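All remarks here apply to the structure that follows.
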Amino acid sequence: MGKREAIAAFVDQPGGLIKALHRLQDQSGHNFLSPQDIELAAEVFDLPTASVWGTATFYSLFSMTPRGRHVIRVCESAPCHVVGSLNILSELEKHLGVQVGETTKDGCFTLEVASCLGVCGVAPAMMIDENIHGNLTPQSLAKILAGYA
Ligand code: FES
């Protein structure tokens, strides 16, 4: 199915633009929205390009630059911070060989930070794509990542 057809189905749905942008991002192969994707969405939804651009840049789940196949988002809000999210982050940086905001050379993972993921009860926590991983320890990370590689 082409991109245009894939997003046309969302035009009359509540929150349709967000769903369409998610679909375009998923189909990009690099987890991001290109300027062409933004223009296509504007055309299909009959909206000004600037307003689609504004929507896409408002939500942190959308990226305007290419990312890895899997996006890791480590929570850096206070409840996670006090139980060691910085250790988790530095272990991930070491394990993956990247800094926050970077993508591994094989294109598998992009490492990002995020505000509270809403699962403070299992702090420290991170999301990989749509999946929550909680009660993290530096020792638990390699096994979790292996499940995505
Ligand atoms: S503070 Fe980390 S999940 Fe809420």
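In what follows, every heavy atom counts, from backbone to side chain, and hydrogens, waters and symmetry copies are set aside. Indexing begins at 1, ligand by ligand and atom by atom, following the structure's order. This is a predicted model, so every value here is computed, not measured.
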| message | Listing by chain and number, which protein N, O or S atoms are under 2.8 Å from atom 2 (Fe) of ligand 1? | response | Cys75 SG, Cys80 SG
| field | Contacts of Arg67 that satisfy salt bridge (charged side-chain N to carboxylate O under 4.0 Å, His left out) - sequence neighbours left out | value | Glu112
| query | Between the side chains of Gln13 and Lys19, does any donor sit under 3.5 Å from an acceptor? | reply | yes
| query | Residues in side-chain contact (heavy atoms from CB on, under 4.5 Å) with Glu102, at least two apart? | reply | Val98, Gln99
| query | For residues Tyr148 and Asp129, is any side-chain donor paired with an opposing acceptor at under 3.5 Å? | reply | no
| task | Indicate yes or no: at least one non-hydrogen side-chain atom of Glu91 is less than 4.5 angstrom from one of Leu136. | result | no
| remark: Hits for salt bridge (charged side-chain N to carboxylate O under 4.0 Å, His left out) against Glu43, two or more places apart or cross-chain, chain-then-number order -> Arg4
